[in-house]
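Inspection log for the structure reproduced underneath, given as structure tokens.
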There are 2 protein chains.
Amino acid sequence: MGKRSSGAPTLSDVAALAGVSPATASKALNGRGEVAAATRTRVLDAAEKLAFQPNALARSLVSGNSSTIGLLTSDSGGRFSIPVLLGAENALGDNQISVLLADARGDVIRERHYVRTLLAQQVAGLIVVGESSNRRASIGRDLAVPVVYAYAESTDPQDLSLLPDDRVGARMAVEHLHSVGRRKIAHITGPVDYRATRDRVTGLTEFLQEAGLPLAGREVRYGEWSQRWGRHAAEFVLNDDPDVDAIFCGSDQVAAGVTETLAARGVRVPDDIALVGFDNWEIFSSETSPPLTTVDMNLQRLGATAAQHLFAAIGGEKITGVQHLPCRLVIRDSSGGR
Amino acid sequence: MGKRSSGAPTLSDVAALAGVSPATASKALNGRGEVAAATRTRVLDAAEKLAFQPNALARSLVSGNSSTIGLLTSDSGGRFSIPVLLGAENALGDNQISVLLADARGDVIRERHYVRTLLAQQVAGLIVVGESSNRRASIGRDLAVPVVYAYAESTDPQDLSLLPDDRVGARMAVEHLHSVGRRKIAHITGPVDYRATRDRVTGLTEFLQEAGLPLAGREVRYGEWSQRWGRHAAEFVLNDDPDVDAIFCGSDQVAAGVTETLAARGVRVPDDIALVGFDNWEIFSSETSPPLTTVDMNLQRLGATAAQHLFAAIGGEKITGVQHLPCRLVIRDSSGGR
DNA sequence: TTGTACGCGTTATCAT
DNA sequence: ATGATAACGCGTACAA
């Protein structure tokens, strides 16, 4: 047959079948230059018949710009990187752009290795996703391709970092509790060395002060991102402050634990205590009883925005600094808010 | 400087700096052909100084074999694809192979699109990960590159599919319950139209028959993969068969729900009822109270095996059919087994 | 031991 | 409107 030795048909095969030169075939397929309508259809038919797929590698080699971007992540569960990836893929759309994913597992050595590998693959840009949104070392300044940090903040202010607006997100959560009549709001959250934890506390505190409310439950309960901690902390809160009428949790996972303790002690949600989580991690937020009102960080949108900025930067439009993207309140039954 | 117009230094730059031809530089860097020790070090130094990174695209173009494989997935949460990806990356090791990830989101159209895109990127092979391990349509026979289905079974017996051995895994779980003295074992699991569900029931049933035990809890409780279902099903089981002394759950998520009901009814785990889950999904299995004995599907190993088979197939060693890889029992406190 | 020349598949330029 | 030619960056026969 008209095929070459190793499988896939090439542009030359198509050209030969259509009885034209490779150059003309290229123009016809890409809609560039002047090609007679008749020849164009001949070429298109030939390509169709051979199931021709242009070799993206060769194309990139000549054009200089590759059709892939790199996604460098460190969250081994994919908790953040997958939504970001989906968002990026969405934004990339039919641009024929692919995503090269590398999981550095929080290891700096491996990370450097992957950066090199990705660059060797001629990625057009890099998105760096953190295992948390904490500040982290920049992967470097002069990388030949633009870099966007998504759900991660680079220590280098010359980099562009995209973060969810945890502060305002938390504020929305507490505002909501306030709007449904709660006045004794406690806060159970994760480790204090997470930027997200602190920002959420800030948003909470700001609102309480403006509303002239004290924090219930004696103090902010810092702990771990786990159901276990949620269960224990809820005990502490209830013991120290039986009048609490709402608990805002720093994550849905923690809220799931809180729910268990409330159920065990016969406390009704939301009648006795209203509950709001954070993350909209559906395996928790949709599965507690009752389902959880929570704050969605819009990670997909974050990923989409990252991809857009990457394109802008490739086009020369470089932006630096930290951008906070809005969160979204998802109201379910646990807050009695609907 | 010695740099070219658009950034990255090329082999020619290195050669020029070392005062040799590109061909010699290539040999020196790749350790091929005869190169004088002195020249080699000169070339290596030059490469070092320029931070030279060979262009993987150009390299693949000439050698014909690309340095990337494609991972086509459909599990939007990354629940299965991430472990498989990590395992594959491990097996790939320092082979300088990268993974191009595409999430088709269960959409056949999108899937076909991504297959084309990945092939256009000249991937050396494809790993297909399912959203469940159910049988699914093959992505095609003559794809020019080998394909391995991991945590998915192709309908085409000419394809190679890698699955966890759910049947034996379930058997191990129940054997364990039996070995710690339980004789009234109930089973709460997910939808019956999951192959995994049915295989686990088969393993359970086989062992019970061999051991001469009836199934407790009246019948296999099919439902959903959710805590909600676990909570409800546990009520049914306890109401229908108060003597149950063990519950084997088809997933850790379901087991988490079961735990909640048991706690609410004052049933002690494992003293009154021993509990075993399935998946070793740590956000559940490590977080229930007490932590869950469960079956780990070794998804990372599955991914590693998939990558190895892919290499074998690229080397011409094609295998077909379905392979079941062993699961691993993880013993924690919920079964009282240690 | 080293260098020259060519090809991988594609696109862009410039003749024709 | 079409085609020959060069170029992208690299590896590799083959010649020197």
Side-chain angles (χ1 to χ4, degrees), chain A residues 2-43 46-47 50-67 96 119-124 144, chain B residues 2-43 46-47 50-67 96 119-124 144:
Chain A
K3 287 197 175 181
R4 298 189 67 78
S5 54
S6 86
T10 75
L11 183 61
S12 301
D13 296 329
V14 175
L17 183 58
V20 297
S21 78
T24 305
S26 173
K27 289 172 201 155
L29 288 171
N30 298 315
R32 281 184 235 272
E34 308 293 305
V35 179
T39 25
R40 151 163 303 141
T41 50
R42 262 205 341 278
V43 171
L50 295 179
F52 169 71
Q53 274 295 124
N55 183 327
L57 268 46
R59 187 176 273 185
S60 298
L61 186 59
V62 51
S63 71
N65 45 29
S66 117
S67 49
Q96 305 286 62
L119 290 179
Q121 300 283 348
Q122 309 299 114
V123 292
Chain B
K3 287 198 176 181
R4 298 189 65 82
S5 54
S6 84
T10 75
L11 184 61
S12 302
D13 295 328
V14 176
L17 183 57
V20 297
S21 77
T24 305
S26 171
K27 289 171 199 156
L29 288 170
N30 298 317
R32 278 184 236 273
E34 308 293 307
V35 179
T39 16
R40 151 162 305 143
T41 50
R42 270 216 323 287
V43 172
L50 296 179
F52 169 70
Q53 276 295 125
N55 183 327
L57 267 46
R59 187 178 273 189
S60 298
L61 186 58
V62 53
S63 71
N65 44 28
S66 120
S67 50
Q96 305 286 62
L119 290 179
Q121 301 282 348
Q122 309 300 113
V123 293

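Proteins get letters first, then strands, A, B, ... in listed order; numbering begins at 1 in each. What you see is a predicted model, and the numbers here were worked out from it, not measured in a lab.
For A:N65 against A:S63, the heavy-atom pair with the smallest separation is OD1-OG, 2.7 Å. The shortest non-hydrogen separation linking B:R40 to B:G31 is NH2-CA, 3.8 Å.
Within 4.0 Å of A:P54, counting heavy atoms only, lie sugar-phosphate atoms of the nucleic acid but no base atom. Using a 4.0 Å heavy-atom cutoff across all strands shown, B:S26 reaches at least one base atom of the nucleic acid. Using a 4.0 Å heavy-atom distance criterion, B:V62 is classed as a base contact.
Phosphate proximity of C:dT2 to B:T24: absent, as no side-chain N or O sits under 4.0 Å from OP1 or OP2. Contact between the side-chain N/O atoms of A:N55 and the OP1/OP2 oxygens of C:dC8 is not found at any separation under 4.0 Å. Applying the 4.0 Å criterion to OP1 and OP2 of D:dT12, one finds that B:R32 has a side-chain N or O inside that range. Taking 4.0 angstrom as the limit, B:S60 places none of its side-chain polar atoms (N or O) nearer than this to OP1 or OP2 of D:dC10.
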Without placing hydrogens or testing angles, list every side-chain donor-acceptor pair under 3.5 Å for residues 20-29 of chain B, not counting sequence neighbours.
residue : atom : partner : partner atom : Å
B:S21   : OG   : B:A23   : N            : 3.4
B:S21   : OG   : B:T24   : N            : 3.3
B:S21   : OG   : B:T24   : OG1          : 3.2
B:S26   : OG   : B:N30   : ND2          : 3.4

Show me the side-chain donor-acceptor pairs of residues 50-60 of chain B shorter than 3.5 Å, one per line, residues at least two apart or across chains.
residue : atom : partner : partner atom : Å
B:N55   : OD1  : B:L57   : N            : 2.8
B:N55   : OD1  : B:A58   : N            : 3.1
B:S60   : OG   : B:A56   : O            : 2.9

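Closest contact between the side chain of A:K27 and the listed nucleotides D:dG9, C:dT13, D:dA1 involves C:dT13. Of all nucleotides listed (C:dT10, D:dT2, D:dG9), D:dT2 comes nearest to the side chain of A:A36.
Here the P atom of nucleotide D:dA7 and the CG atom of A:N65 are 20 Å apart, to the nearest Å. D:dG9 atom C1' lies 9 Å from atom CG of B:L61, rounded to whole Å. Across the protein-nucleic acid pair, A:R59 atom CZ and C:dA12 atom C1' stand 14 Å apart, rounded to whole Å. As a whole-Å value, the separation of B:L11 CG from C:dA5 C1' is 15 Å. The separation between A:L29 atom CG and D:dG3 atom P is 14 Å, rounded to whole Å. The CG atom of B:L57 sits 14 Å away from the P atom of C:dT11 (whole-angstrom rounding). B:Q122 places its CD atom 9 Å from the P atom of C:dG9, with the value rounded to the nearest Å. Distance, B:E34 CD to C:dG3 C1': 15 Å, rounded to whole Å.
For the pair B:R42/B:T39, a side-chain contact is recorded, criterion being any heavy-atom separation below 4.5 Å from C-beta on. For the pair A:V14/A:L17, no side-chain contact is recorded, criterion being any heavy-atom separation below 4.5 Å from C-beta on.
Where B:A37 and A:A56 meet DNA chain C, the nucleotide closest to each residue was compared, and B:A37 sits on the side nearer the 5' end.
Relative to the axis of its first five pairs, the axis of the last five pairs of the helix from C:dT1-D:dA16 to C:dT16-D:dA1 sits at 50°, rounded to 10 degrees.
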